[in-house]
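This report refers to the structure that appears directly beneath it.
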Amino acid sequence: GMMDYNLAYDPFSVTLPDGTAFAFYIAYYTGTVEHIASNAPYVQISHTKSNNQITSFTITDEQGIVYTFSATDTSFQGNGATNSTYLNTNVSWSLTNIKLPNSTQSISFTYGKTLQSHYAAWVAEPTSRFKRLHYVNGNPANQYLIEAVPNYESYGYQMKLLTQISYGTTTVDFTYT
């Protein structure tokens, strides 16, 4: 059916703590999920979903270090933001855990404060409209037409702020005023 086709993949950008940066996208092929990275050293990528939203990413680098990104920043209906298809959507994922290959303890990152924008952002999301033309100039046609239609959406943005880093018995707290 029509919902089986993805006309454009969403690009994801990653920067690991060691400075390694790369992009990837998620491809769905007849029930198979593939994470395709570009300009990256060998990495393994997986993700989890809930209610049709990506809730976390896990990336394992070539040294076996496992990075988990599960603190999500989301859109919301802020000042000037209309009711949008983007409301309450996860839009970015922050690092929450690093598991080193030869350690029983992991480094944890906690995001305990949320910062909200006071103004809406607008995004032009291209959409397609499919039409069936039964008649053209009074003659039976039975033709199909695809039209590109601009669609403008507005949303507010809220992001989580890092409040704690912990490793074993060591904890570093961040406070904001």
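Quick note: residue numbers are just sequence positions, from 1.
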Is there a path of hydrophobic side-chain contacts, each under 4.5 Å between heavy atoms of I, L, V, M, F, W or Y residues, that connects L100 with V66? no
Where H35 and I45 come nearest, the two heavy atoms and their spacing: ND1-O, 3.1 Å
Check: T60 side chain, I65 main-chain N or O, donor-acceptor pair, under 3.5 Å: no
Report the residues that fulfil side chain to side chain contact (heavy atoms under 4.5 Å, CB included) with S70, sequence neighbours left out, ordered by chain and then residue number. S56, T68, T96
Only counting residues at least two apart or in another chain, list the ones meeting side chain to side chain contact (heavy atoms under 4.5 Å, CB included) with K49. Y28, H47, N52, I54
Using side-chain contact (heavy atoms from CB on, under 4.5 Å), reason through I59 and F69 one step at a time and then give a plain yes or no. CA-CA 8 Å; I59 297 173; F69 298 83; 4.0 Å; yes
D61 side chain to Q63 backbone, donor-acceptor under 3.5 Å: yes
Output all residues satisfying ring-ring contact (aromatic ring centres under 6.0 Å, His included) with F24, sequence neighbours left out; order by chain, then residue number. F12, F57
If you measure only the distance, is there a donor-acceptor pair under 3.5 Å linking the side chains of T55 and T48? yes
Name all residues meeting the side-chain hydrogen bond (donor to acceptor under 3.5 Å, both in side chains) criterion together with Q44; count only those two or more places apart in sequence or in a different chain, and write none if there are none. Y42
Residues forming a side-chain hydrogen bond (donor to acceptor under 3.5 Å, both in side chains) with S92, sequence neighbours excluded: D73, Y157
By side chain to side chain contact (heavy atoms under 4.5 Å, CB included) - contacts of D18 (at least two apart): L16, T20
Check side chain to side chain contact (heavy atoms under 4.5 Å, CB included) between P17 and all other residues, then give those that pass, not counting sequence neighbours. Y67, L95, I98
Between Y111 and T163, is any pair of side-chain heavy atoms under 4.5 Å apart? no
Please list every donor-acceptor pair under 3.5 Å in which a side-chain atom of residues 165-177 meets a protein atom from a residue at least two apart or in another chain.
| unit_1 | atom_1 | unit_2 | atom_2 | d |
| --- | --- | --- | --- | --- |
| Y167 | OH | S103 | OG | 3.4 |
| D173 | OD1 | Q164 | NE2 | 2.7 |
| Y176 | OH | L162 | O | 2.5 |

So which atom in A71 and which in K160 form the shortest heavy-atom distance, rounded to 0.1 Å? CB-CD, 4.2 Å
